[in-house]
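By convention in this document, chain letters (A, B, ...) are assigned in the order of the sequence lines, proteins followed by strands, and residues within each chain are numbered from 1. Nothing here was measured: the structure is a model prediction, and the numbers come from that model. We use all heavy atoms of the structure for the numbers below, so side chains are in, but hydrogens, waters and symmetry mates are not.
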Amino acid sequence: MNSPAMSSPDLTPTLASSDKRGTTLINHWQAGVPVTTGPVLTPLLAGLIALAAIGFVMAAIRVVSPLGPFSAMNSVYAWGIWKTFNVMTLTALGSGPLALGMAAWVFNRQKLHVVMRTALVSGFLFYATGLIALGFDVGRPWNFYSALMPWRWNTESAMLEISICMPLYCAVFLSFEILPLFLERLYYTGNEKSRAFLRHVSPRIRKMYPFVIIGAYVIPLMHQSSLGGLLLLAGDKINPLWQSPAMPWLYLVAAALCGFAFTIFLLLIVCLRYGRKLDGGVLSELANLLSGMCFFFLAIRAIDLIWRGQIHAAFAFNKMSLLFLLETSLILIPAVALRFRRVRQTPRTLLNMSALACVGGMLYRFIPTSIAYSPMRSTSYFPSVPELVMAVGYISLGIVAFIFAVNYFAVLPGEASCWDHAFRPFGWKRRTAAPTEMPLMPATALERGV
Amino acid sequence: MNILAVPLTRRQAFKAMLGIGSTVASVVLPKSAAASTEEHPAHPVAAPDAVAMLYDSTICTGCKACMPACNEANGLPADTLLSGGIWDMPTGLNAQTKNIIELYQDPKSDEFAFVKKQCMHCLDPACVTGCPFGSLKKVDFGAVTWNSSLCIGCRYCEVACPFEVPQFEWQALNPKIVKCEFCYDQRLKENLEPACTAACPTGAVIFGKRDALLDQAKGRIAAVPDKYYENRVYGEHEAGGTQVLYLSSVSFQKIGLPKLGPTSLGHYATKVTSVIYKWLGGPVLMAGVLGLFIRRNWNRHEAERLLHEKETGFPDQL
């Protein structure tokens, strides 16, 4: 949150601080800066809104329709893509706040603070849309009030852990962490009264912050590993290449891996879209961590397979073995490639490698829930059209919300000099922010240290 | 670095002691609590009042008398989808069928066998372990029952059950989990045997105490060696042991009983987490450790923040 001193118009552009490791010259990312130019409602966004709307019409129909005629799920494949993809797979991508937050606050990678907001907003949206998906997936949601009654809890159930911790994490901890975005906007667009209020509350939020983020890391550590723990009970239904007592740990590491990979991917994509300068220092720090996570994941995976004597099954070159090799190579390639400084420093390769790592991590999270899940009764499952439409709708909703977030709030990292206090006004009439008195300083001038 | 050489204020020392104390407590306390009783032993022992069913596939004639008896006792409608609305004709356990007689027939040889399918009432049921709000419960006599007012419809029981028994009512707006409950409410409570065993005319499925039936089954095996597949009772050790026991002359896997290890799934799934989550010890310990690091880095960040704000004139963002 910005301090009151900053509302003065004579803001001097921030000098770029030099990177101590000397790999890149300039830190372009110094603060979260809102996107203030260009139209918000692009054809792409309109299309996404339409998809989300269709998804929500289907969801409304689902409220008055039983699951049976609506989805392709059956009692053998009782979990469809809403659970296995929207929740178990996509919350891995939404683990950016966990992975980056731990790196920044626990392991003191101070560089990463500037991209926390991007990770937080994307993580919040992955969790929120996943939870909406869950709400339409469960058969008897009206009994969920039991979550408030601890004496009803079956504490040994991984499902309990998830059904309580996921909403708690999203509604309390992630919401608290993204609260400064809203307050900051209110500070710059509100009246004197709201500013006085914010001057009163913001020190209190700062006081609470280090305590709240403890919960914001412990709780996802718990439920991200419990997602793997869920599958332990499925026992022999899951192919032995995936079914393992190490699954909770692997799910957790895969979440951290996907969190780093997706944050890199998202930052590159969005900065490209909005013409933001990239910051080689932060990105290669993230890439380093991603590579480390990939190696850590592969090490656990290899030790686990050797320990259980299943390593031969990995190279049997049947369907499951090929899937395993695909998943492993999708993680191994970025792990190795990102060791090279040239790869880390080239946006194109960084984008490709982070995308590969995302897909690899997602495959690991998805395969044991569906492809490698083979109960003995010979039924099959492929998501029905309404299921797919709703799943796409939830994802579109997340993207729409993210696009709005970067346009109306200071989410994306940028140069401090392009901060002009001009938040885009709410409402459709004015499509761009009012021009500011202060001309934007070109970044090249900053690089020369003018 | 000698930790004692670090200058500490009284307040800091007190805080550190509190932190260390709670960390130690969270490590020590759950251990002693965990040592007392194990909730999911690898090889659970049947409760003294555990009842059971013994189904002998070599005696069953496939008359299916147990199926309408089950439907009647449980108030289930007949599944007449395949028979064109005439008689009960389910293709497997489903939302209208808690009990079914299936036929296995080898297409090449004339080998065939009937098999009765219903809930196995495991000694340590995976569905009960997984059920988040305790809707599925193992009650008196070891019957596994379902409580409609606690179920949220997550269908984890269907994922967990190795026998694929629980059936979700996919066609209902108020869906229930349909599974054999050993006629607990209907008959067991009133000292009656379950409807299926009461209806069986040939004695292919009989009801009794689990240990008595286990002895009887072993007696049958001993009386005619090599009549029964592998000379063993299915359900004695499978998935930690079940309260429905099977004897068969053909392979258990051929008649649709999965090959399972002797360890209970609940033990496999909770042996680590039950230690970590005992009295929330693991999470509290984790919070303590993370809290120490976050506190340290937060203070560093705050110190740098003021410096940075003074230097650049730009405020720090959370």
Proximal component of [X], with respect to chain B [non-hydrogen, under 4.5 Å]:
X        : answer
A:Ser225 : side chain
A:Ser163 : side chain
A:Val63  : backbone
A:Trp249 : side chain
A:Glu161 : side chain
A:Phe70  : neither
A:Leu230 : both
A:Asp236 : side chain
A:Met247 : neither

* Could you verify whether a donor N or O on one side chain and an acceptor N or O on the other, from A:Ser75 and B:Trp170, lie under 3.5 Å apart? =>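 A:Ser75 vs B:Trp170: donor-acceptor pair found between side chains.
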Residue, of [options], that accumulates the most heavy atom pairs under 4.5 Å with chain B:
options                                : value
A:Met159, A:Glu177, A:Met149, A:His113 : A:Met159
A:Leu120, A:Leu181, A:Leu232           : A:Leu232
A:Asn108, A:Val64, A:Leu67             : A:Asn108
A:Ser157, A:Ser146, A:Ala147, A:Ser65  : A:Ser157
A:Pro69, A:Pro141, A:Pro210            : A:Pro210
A:Asn74, A:Ile164, A:Leu231, A:Thr155  : A:Asn74

Gap separating the [atom1] atom of [X] from the [atom2] atom of [Y], nearest 0.5 angstrom:
X        : Y        : atom1 : atom2 : answer
A:Met116 : B:Leu318 : CE    : CG    : 10.5 Å
B:Cys151 : A:Phe144 : SG    : CZ    : 12.5 Å
B:His301 : A:Tyr209 : NE2   : OH    : 9.0 Å
B:Glu164 : A:Tyr77  : CD    : OH    : 9.0 Å
B:Phe293 : A:Tyr217 : CZ    : OH    : 14.5 Å
A:Ile214 : B:Met286 : CD1   : CE    : 12.0 Å

* Asked: When you look at A:Trp142 and B:Asn174, which way does the side-chain contact (heavy atoms from CB on, under 4.5 Å) test go after all the steps?
  -> CA-CA 10 Å; A:Trp142 52 86; B:Asn174 176 10; 3.3 Å; yes
Contact part of [X] toward chain A, heavy-atom cut-off under 4.5 Å: side chain, backbone, both or neither?
X        : answer
B:Ala172 : backbone
B:Tyr277 : side chain
B:Lys259 : backbone
B:Glu302 : side chain
B:Pro283 : both
B:Thr273 : neither
B:Ser148 : both

Count the heavy-atom pairs under 4.5 Å between each of [options] and chain A, then report the option with the highest count.
options                               : result
B:Val159, B:Leu150, B:Leu93           : B:Val159
B:Leu265, B:Thr270, B:Thr129, B:Asn94 : B:Thr129
B:Ala287, B:Pro175, B:Gly134          : B:Pro175
B:Gly291, B:Ala95, B:Cys154, B:Gly266 : B:Cys154
B:Cys161, B:Ala160, B:Pro132          : B:Pro132

Looking only at non-hydrogen atoms, find the nearest pair between [X] and [Y] and report the distance.
X        : Y        : answer
A:Ala78  : B:Glu158 : CB-OE1, 2.9 Å
A:Gly32  : B:Gln317 : N-OE1, 2.5 Å
B:Gln171 : A:Gly68  : NE2-CA, 4.0 Å
A:Arg206 : B:Trp298 : O-CZ2, 3.3 Å

* To do: Look only at the side chain of B:Asn297 and the backbone of A:Val106, and say whether a donor-acceptor pair between them is shorter than 3.5 Å.
  =>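 Yes; at least one donor-acceptor contact below 3.5 Å.
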* For B:Cys131, does its backbone N or O pair with a side-chain atom of A:Asn154 as donor and acceptor, under 3.5 Å? ->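 Between the backbone of B:Cys131 and the side chain of A:Asn154 there is a qualifying donor-acceptor contact (under 3.5 Å).
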* Going by the salt bridge (charged side-chain N to carboxylate O under 4.0 Å, His left out) test, which pairs reach into residues 135-156 of chain A, not counting sequence neighbours? ->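 Output for this query lists A:Lys83-A:Asp137, A:Asp137-B:Arg155.
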* Could you please spell out the steps behind the side-chain contact (heavy atoms from CB on, under 4.5 Å) verdict for B:Leu290 and A:Leu221? => CA-CA 11 Å; B:Leu290 290 189; A:Leu221 283 178; 4.3 Å; yes
* Given the side-chain rings of A:Trp79 and B:Tyr156, with only the six-membered ring counted for Trp, is the space between their centroids under 6.0 Å? ->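 Yes, the ring of A:Trp79 comes within the 6.0 Å limit of the ring of B:Tyr156, centre to centre.
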* Heavy-atom neighbours of B:Leu81 CG exceed 12 at 6.0 Å ->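 Incorrect, the count does not exceed 12.
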* **Intermediate values then yes/no, side-chain contact (heavy atoms from CB on, under 4.5 Å), A:Phe211 and B:Ile294** => CA-CA 8 Å; A:Phe211 298 98; B:Ile294 289 172; over 6 Å; no
